[in-house]
Asker: 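The following block contains the structure, expressed as structure tokens.
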Amino acid sequence: RLDKEVDHLKGELHKKKARLHSLGELAARNEGFSLGSRMLLKRADAKEAKPKTIADLIVAPAELEVALDAVLGERLGALVLPSHSEAVEAIQYLRQQGEGKAFLVPEDARPTRPGERPARPDEEAKSQGIWGRLIDLVEKKPGYDGVLDALLGSVLVVDSIEHAVAYYRTASEDGSLPPAACLVTLDGVLIDGHGTMVGGAQKGQGASILAVRRELRELTAEVGEMD
């Protein structure tokens with residue numbers, strides 16, 4: 001019986017290592033990023049300081065991954081550069097190559113202004129499905145608070161489309177939802193401050209960048225414990 005248990009554990013470890021290898025290859029190829037981002041990252045491989053992407057700066061619980069994908073989209077693969085000068089140079093490089101577009105975020109990107117932020121939910125709002133500001137619900141890499149605040153500071157997370165529509169109507173009437181703010185549901189529906197909605201389904205959509213990275217972290221820890 002002991003031998004069977006050992007064989008089972010060895011089999012499980014082998015499966016996890018194989019999956020870990022596959023995920024590592026996906027991450028190394030920057031799968032899911034735009035062509036422009038992949039081209040710029042490949043060019044940076046030969047440099048000492050490889051730029052961070054927005055996906056590098058966020059650690060989020062699994063239940064927020066779809067919401068983050070909806071809010072950020074291709075900006076998960078955006079490169080964070082020291083200034084607009086480097087961003088201009090990167091754009092010129094892509095133009096010279098004749099293909100590829102990329103989102104580029106300067107390190108001094110303007111954070112969300114106070115008047116653009118949705119109100120933090122009180123207990124009554126939480127009971128109606130309002131989770132809170134997205135920027136407050138994710139773990140952020142130190143030193144990049146301003147960059148992430150610029151992208152996430154105006155977003156409020158709501159548990160369902162029904163609660164999001166109800167909140168939008170109420171908050172629009174009482175003025176507590178700024179026009180620059182937006183709502184996102186856990187299943188990826190967006191409602192902006194003017195009431196415009198985006199949602200639906202995408203056929204054949206694979207695992208998100210954040211989901212792949214989360215599984216990579218979890219498997220790395222599991223394999224380390226089993227080895």
Side-chain angles (χ1 to χ4, degrees), residues 32 52-81 84 87 103-202 205 208-211 213-214:
K52 298 286 185 185
T53 67
I54 295 301
D56 294 328
L57 309 182
I58 300 171
V59 176
E63 61 265 27
L64 288 178
E65 288 170 356
V66 174
L68 278 162
D69 282 342
V71 170
L72 293 173
E74 287 193 358
R75 287 179 297 176
L76 277 168
L79 273 61
V80 181
L81 301 176
H84 283 102
F103 282 98
L104 306 165
V105 185
E107 290 179 1
D108 62 351
R110 179 180 66 78
T112 303
R113 289 172 176 165
E116 298 168 342
R117 299 182 190 278
R120 285 192 171 96
D122 55 21
E123 289 306 313
E124 181 181 356
K126 287 180 180 178
S127 71
Q128 297 171 356
I130 313 303
W131 279 37
R133 292 176 182 166
L134 186 51
I135 189 70
D136 297 332
L137 301 175
V138 299
E139 182 181 334
K140 302 173 286 293
K141 187 177 180 67
Y144 294 91
D145 285 6
V147 168
L148 293 175
D149 189 70
L151 298 174
L152 304 177
S154 63
V155 183
L156 196 66
V157 179
V158 188
D159 65 354
S160 69
I161 188 171
E162 294 80 11
H163 282 148
V165 170
Y167 180 86
Y168 169 78
R169 288 173 177 164
T170 301
S172 294
E173 289 176 3
D174 66 19
S176 61
L177 184 67
C182 77
L183 311 176
V184 64
T185 65
L186 296 179
D187 59 359
V189 174
L190 287 167
I191 306 178
D192 71 15
H194 301 280
T196 300
M197 299 178 70
V198 180
Q202 186 172 333
Q205 186 173 16
S208 72
I209 295 167
L210 294 175
R213 294 189 175 211
R214 173 177 50 80

Asker: Using the salt bridge (Lys or Arg N to Asp or Glu O under 4.0 Å) criterion, which residues pair with K141? Sequence neighbours excluded.
Answerer: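 For K141, no residue satisfies salt bridge (Lys or Arg N to Asp or Glu O under 4.0 Å) once neighbours in sequence are set aside.
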Asker: Could you give all pairs that pass the side-chain hydrogen bond (donor to acceptor under 3.5 Å, both in side chains) test and reach residues 166-184, with sequence neighbours left out?
Answerer: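 Qualifying pairs: D174-S176.
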Asker: Which atom pairs, one a donor and one an acceptor, fall under 3.5 Å between side chains of residues 183-191 and the rest of the protein, sequence neighbours left out?
Answerer:
residue: T185; atom: OG1; partner: D187; partner atom: OD1; Å: 2.5
residue: T185; atom: OG1; partner: G188; partner atom: N; Å: 3.4
residue: T185; atom: OG1; partner: V189; partner atom: N; Å: 2.9

Asker: Are side-chain heavy atoms of L72 and I58 found at a separation under 4.5 Å?
Answerer: yes
Asker: Please round to the nearest 0.5 Å and tell me the distance separating atom SG of C182 and atom CE of M197.
Answerer: 12.0 Å
Asker: Which pair of non-hydrogen atoms, one from G153 and one from P118, has the smallest distance, and what is that distance?
Answerer: O-CD, 3.9 Å
Asker: So, taking the atom named CG in L68 and the one named OG in S208, what distance separates them when rounded to the nearest 0.5 Å?
Answerer: 9.0 Å
Asker: Taking all atoms of both residues into account, what is the closest heavy-atom pair of V80 and T53, and its distance?
Answerer: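 Heavy atoms only, the tightest pair is CG2-C, 4.5 Å.
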Asker: Applying salt bridge (Lys or Arg N to Asp or Glu O under 4.0 Å), name anything that partners E116, two or more places apart in sequence or on another chain.
Answerer: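 Here the qualifying residues are R110.
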Asker: Of all heavy-atom pairs between A60 and V138, which one has the smallest distance, and what is that distance?
Answerer: CB-CG1, 4.0 Å
Asker: Is the count of non-hydrogen atoms from other residues, nucleotides or ligands lying under 6.0 Å from K140 atom NZ greater than 12?
Answerer: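 Yes.
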Asker: Given side chains that start at C-beta, do those of R213 and D56 come closer than 4.5 Å, heavy atoms only?
Answerer: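 The answer is yes, as the side chains (C-beta and beyond) meet within the 4.5 Å cut-off.
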Asker: Could you state the interatomic distance from CD1 (I130) to CD (E124), rounded to the nearest 0.5 Å?
Answerer: 10.5 Å
Asker: Are I54 and L148 packed together at the side-chain level, in the sense that at least one heavy-atom pair is separated by less than 4.5 angstrom?
Answerer: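 SC-SC contact between I54 and L148 confirmed.
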Asker: Provide the full list of side-chain hydrogen bond (donor to acceptor under 3.5 Å, both in side chains) pairs with a residue in residues 129-139, sequence neighbours left out, each pair given once.
Answerer: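 As it turns out, the side-chain hydrogen bond (donor to acceptor under 3.5 Å, both in side chains) pairs with a partner in residues 129-139, which skip direct neighbours, are R120-D136.
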Asker: For a quick test of reading the model, state the closest non-hydrogen atom pair linking L177 to G193 and the distance between them.
Answerer: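 So the two residues come closest at CD2-CA, 4.4 Å.
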Asker: Look at atom CG of L137 and say whether more than 12 heavy atoms of other residues, nucleotides or ligands are closer to it than 6.0 Å.
Answerer: yes
Asker: Within this structure, what is the CD1-CG distance for the pair I209 and D69, rounded to the nearest 0.5 Å?
Answerer: 7.0 Å
Asker: What closest approach, in Å, do K126 and P121 show between heavy atoms, and which atom pair accounts for it?
Answerer: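 Looking at all heavy atoms of both residues, the closest pair is CE-O, 3.8 Å.
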Asker: According to the side-chain hydrogen bond (donor to acceptor under 3.5 Å, both in side chains) rule, which pairs have a member within residues 143-152, sequence neighbours left out?
Answerer: R117-D149
